[in-house]
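Handing you this structure, nothing more for now.
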Amino acid sequence: MSILEKTIQAFAELFPEEAAATVAVDGTAEEQTEKDSEAEGPVVARDYATRGFHLDIGVAPDQLVRAAEILFALDYFIESITGVDWPKEKQIEAVYDFCRYDFDLCRVVVRTRTPRDEPRLPTITGIYTGANWHERETHDFFGVVFDGHPNLIPLLLPEDADFHPLLKDFTA
Amino acid sequence: MNQMDLIELQPDETFVLNVGPQHPATHGVLRVKMTMDGEYIYDAETVLGYIHRMHEKMAENRTYAQYMPNMGRLDYLSAMAFNHGYALVVERACGIEVPERAEYIRVLTVELNRISSHLVWLGAFVLDLGGFTPLMYCFDDREYILDLLESITGSRLTYCYFRFGGLYNDIDEPFIEGTRRFVKRMYKELKMYAKLVTGNIILMKRLRGHGIIDQNMCQRYGATGPVARGSGINYDVRRNEPYSVYPELDFDIPVDDGCDSYARYLVRMEEMVQSLRIIEQILAKLPEGPINPAKKPKIIKPPPGDYYAAVETARGNFGIRLVSDGGKNAYRLKLRSPTYSNMHLFDEACRGMLIADALAFMGSLDLVIPEMDR
């Protein structure tokens with residue numbers, strides 16, 4: 001079984017009602033279940049050649065820590081954490097990139113969304129120690145507060161910075 | 001063996017030592033706040049951001065083509081690989097095909113740049129340990145590469161050589177001749193370095209068994225490049241996630257499971273040999289043809305969606321995440337730089353080390369601060 005299938009199977013636990021079969025292939029969007037209320041399930045296999053990653057997983061903020069645990073157990077290492085500001089939807093999307101030290105290539109992207117006026121997410125520093133700086137950086141640039149973070153002070157911005165430069169309404 | 005096992009540190013008798021941001025051993029404006037118990041490090045906290053320039057915001061304010069010069073300003077020692085990463089992600093998003101000749105020249109210049117980057121590291125690293133002579137030899141050899149690359153790219157350090165789908169300039173006969181001569185010379189020089197530095201007893205005593213990074217730590221922090229390979233992890237983007245023409249080239253990925261500073265040293269020395277092998281093969285089978293695609297969109301406007309591309313720079317895995325809304329500028333561009341993750345583990349790994357060993361350990365991580373701060 002390839003690691004891609006293993007990862008999809010492991011994530012079935014987070015989405016019991018959808019089951020692992022909601023995997024849709026990007027572009028063709030052929031869903032294997034009868035559900036047509038959603039165009040895409042929470043776990044979507046992407047076309048690597050055009051997108052550059054294999055698996056796109058959308059989770060709720062409270063599922064984030066469990067998702068990191070699953071990926072850690074499958075030997076994924078953390079690549080980066082970042083945010084994307086969506087002012088129209090009044091949301092900030094946090095994007096977590098994971099990859100493996102392996103020739104069975106599988107890049108996983110975990111996404112979650114949090115309200116823009118009070119962005120709050122749980123920290124995953126308990127599992128991936130290296131998430132520390134990435135979360136501090138995301139706090140700098142987007143103002144996302146990571147609950148439980150051991151040291152959430154500005155990393156790249158000055159220590160007295162009270163602005164978040166990557167928000168779309170930021171003006172210098 | 002970690003020094004932590006040998007001594008019992010006493011937290012109530014500590015003092016704070018500030019290393020940097022203007023310390024010669026940090027090779028740039030990096031600051032480490034160290035809590036010391038005598039000569040031993042009890043705790044360390046790295047402070048970043050002294051040359052933070054917000055490159056990611058610049059991406060949102062410039063068109064895709066205008067952003068290419070920024071790539072040379074991130075990692076000034078292996079700028080070519082950063083050019084490659086950015087070109088890859090935009091080509092992937094827009095579906096631009098790259099002609100074969102351009103792919104070969106890309107890899108050729110990236111590998112030349114990798115050698116020049118490792119030469120700076122070698123010189124500066126041995127200088128940190130108190131050996132001044134190798135620096136002079138390394139910079140002499142590096143000068144050949146800079147001259148070669150200057151002749152085709154027009155710049156010596158902050159290259160902006162790649163274009164979407166191709167290159168700025170074709171290589172000419174003097175460049176190929178010069179590269180052949182350089183490869184011949186470099187093999188001899190590397191043998192000389194092996195005699196001069198690798199077997200040196202002082203170097204071995206300073207590096208062996210110090211700066212232990214185990215595989216679990218690599219996974220938790222996301223360490224890549226020579227740092228991960230020095231811990232016995234066979235991970236190199238050129239092989240694990242092949243891009244460009246790397247699958248057609250014959251080269252090995254050096255891996256050493258020593259986990260210490262010496263293992264990382266050996267990995268980088270061997271990487272230079274492998275890069276020379278790649279360059280030789282490319283010179284032997286460089287195809288004729290155009291260096292830019294015949295059909296290319298005039299204005300780069302990737303379809304909405306997000307895209308990712310990763311390349312192996314001299315320091316590890318450099319990834320770019322591009323989120324496009326279909327406009328002329330990127331909606332969001334995330335730069336995942338390798339030393340950011342590699343440096344992060346320093347705080348944990350240096351605990352219990354002697355300060356002199358910790359600085360040698362820092363040198364073995366091969367830091368480039370502008371790339372970390374972005």
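By convention in this document, chain letters (A, B, ...) are assigned in the order of the sequence lines, proteins followed by strands, and residues within each chain are numbered from 1.
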Centres of the F53(A) and Y48(A) rings: under 6.0 Å?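 For F53(A) and Y48(A), the ring centres are not under 6.0 Å apart.
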How close do I369(B) and L30(B) get, counting heavy atoms only, and between which atoms?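 Closest pair (atom of I369(B), atom of L30(B), distance): CD1-CB, 3.7 Å.
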How are the rings of H55(B) and Y67(B) set relative to one another: parallel (under 30°), tilted (30 to 60°) or perpendicular (over 60°)?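 Aromatic pair H55(B)/Y67(B) classed perpendicular.
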Do F142(A) and H164(A) have ring centroids that are under 6.0 Å from one another?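 They do not qualify: ring centres at least 6.0 Å apart.
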E312(B) versus N317(B), side-chain donor and acceptor atoms under 3.5 Å: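 Not at all, the side chains of N317(B) and E312(B) share no donor-acceptor pair under 3.5 Å.
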Pair Y340(B) and H134(A), ring centroids less than 6.0 Å apart: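 Yes.
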Look at the side chain of D75(A) and the backbone N and O of R100(A), then say whether any donor-acceptor pair between them is shorter than 3.5 Å.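 No, D75(A) side chain to R100(A) backbone: no donor-acceptor pair under 3.5 Å.
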Could you verify whether a donor N or O on one side chain and an acceptor N or O on the other, from E135(A) and T123(A), lie under 3.5 Å apart?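 T123(A) and E135(A) do have a side-chain donor-acceptor pair below 3.5 Å.
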Please determine, among R220(B), M54(B), Q219(B), E348(B), the option with the most heavy-atom pairs under 4.5 Å with chain A.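 That would be Q219(B).
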Tell me if a side-chain donor or acceptor on H52(B) pairs with a main-chain N or O of L156(A) at a distance below 3.5 Å.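 Answer holds: no.
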In terms of heavy-atom proximity below 4.5 Å to chain B, should Y76(A) be classed as side chain, backbone, both, or neither?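 Contact with chain B is through the backbone of Y76(A) alone.
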Part of residues 321-331 of chain B lying next to chain A, heavy-atom separation under 4.5 Å: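 Checking residues 321-331 of chain B against chain A gives R321(B), V323(B), Y331(B).
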Chain A contact via K57(B) - which portion, at a heavy-atom distance below 4.5 Å: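 For K57(B), backbone and side chain are both near chain A.
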Without swapping roles, check the side chain of D373(B) against the backbone of I51(B) for a donor-acceptor pair under 3.5 Å.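 Confirmed, D373(B) side chain pairs with I51(B) backbone.
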Do you know which of G319(B), A223(B), P338(B) has the most heavy-atom pairs with chain A at a distance under 4.5 angstrom?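 Option with the top pair count is A223(B).
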Any cation-pi pair here, R136(A) with F146(A), using under 6.0 Å and within 45°?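 No - R136(A) does not lie over the ring of F146(A) by the 6.0 Å and 45° rule.
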Part of L167(A) lying under 4.5 Å from any heavy atom of chain B: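 Interface part for L167(A): backbone (N, CA, C, O).
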Most heavy-atom pairs under 4.5 angstrom with chain A, which of L345(B), N240(B), D236(B)?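 Highest number of pairs under 4.5 Å: N240(B).
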Taking D104(A) for its side chain and S2(A) for its backbone only, find out whether a donor-acceptor pair lies under 3.5 Å.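 Checking the backbone N and O of S2(A) against the side chain of D104(A), no donor-acceptor pair under 3.5 Å is found.
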With a 4.5 angstrom heavy-atom cut-off, is it the side chain or the backbone of D140(A) that approaches chain B, or both, or neither?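 Contact with chain B is absent: no heavy atom of D140(A) under 4.5 Å.
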Can a salt bridge be assigned to the pair E137(A) and R374(B) using a cut-off of 4.0 Å between side-chain N and carboxylate O?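 The answer is yes: the pair qualifies as a salt bridge.
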Is it the side chain or the backbone of I127(A) that comes within 4.5 Å of chain B heavy atoms, both, or neither?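 Looking at I127(A), just its backbone touches chain B.
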Taking the ring centre of each residue, are F82(B) and F162(B) less than 6.0 Å apart?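 For F82(B) and F162(B), the ring centres are not under 6.0 Å apart.
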Residue, of G49(B), A93(B), A309(B), that accumulates the most heavy atom pairs under 4.5 Å with chain A: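 Highest number of pairs under 4.5 Å: G49(B).
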If you measure from the Lys or Arg side-chain nitrogens to the Asp or Glu carboxylate oxygens, is any gap between R106(B) and E91(B) under 4.0 Å?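 Judged by the 4.0 Å cut-off on N to carboxylate O distance, R106(B) and E91(B) do form a salt bridge.
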Could you check which of F98(A), F77(A), Y128(A), F141(A) has the highest count of heavy-atom pairs closer than 4.5 Å to chain B?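 Going by pairs under 4.5 Å, I would pick F77(A).
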Is Y50(B) close to chain A through its backbone or its side chain, or both, or neither, when contacts mean heavy atoms under 4.5 Å?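 No part of it gets close to chain A.
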Answer yes or no: is there a donor N or O on one side and an acceptor on the other, between the side chain of K334(B) and the main chain of I320(B), under 3.5 Å?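 It does not hold such a pair.
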Would you say that T46(B) contacts K33(B) through its side chain, given a criterion of any heavy-atom pair below 4.5 Å between the two side chains?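 They are not in contact (no side-chain heavy atoms under 4.5 Å apart), so the answer is no.
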Heavy-atom proximity to chain B below 4.5 Å, by part of D97(A):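 Interface part for D97(A): side chain.
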Contact listing (chain A partner; residues 241-258 of chain B; heavy atom under 4.5 Å):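 Heavy-atom contacts from residues 241-258 of chain B to chain A are E241(B).
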More than 12 heavy atoms of other residues, nucleotides or ligands under 6.0 Å from CD of E97(B): yes or no?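 For E97(B), atom CD is not crowded (no more than 12 foreign heavy atoms under 6.0 Å).
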Checking R107(A) against chain B: side chain, backbone, both or neither under 4.5 Å from a heavy atom?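 The answer is the side chain of R107(A).
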What residue in C218(B), A310(B), G95(B) has the most heavy-atom pairs under 4.5 Å with chain A?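 Option with the top pair count is C218(B).
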Identify the residues of residues 225-235 of chain B whose heavy atoms come closer than 4.5 Å to a heavy atom of chain A, ordered by number, or report 'none'.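 Listed by number, the contacting residues are A228(B), I233(B), N234(B), Y235(B).
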Salt bridge (Lys or Arg N to Asp or Glu O under 4.0 Å) involving E89(A) - partner list, sequence neighbours excluded: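 By the salt bridge (Lys or Arg N to Asp or Glu O under 4.0 Å) rule, E89(A) matches R113(A).
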Using non-hydrogen atoms and a 4.5 Å limit, figure out which bit of N216(B) sits close to chain A: side chain, backbone, both or neither.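 Interface part for N216(B): side chain.
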List the steps and the verdict of side-chain hydrogen bond (donor to acceptor under 3.5 Å, both in side chains) for S80(A) and R336(B). CA-CA 6 Å; S80(A) 67; R336(B) 187 261 182 217; 5.6 Å; no
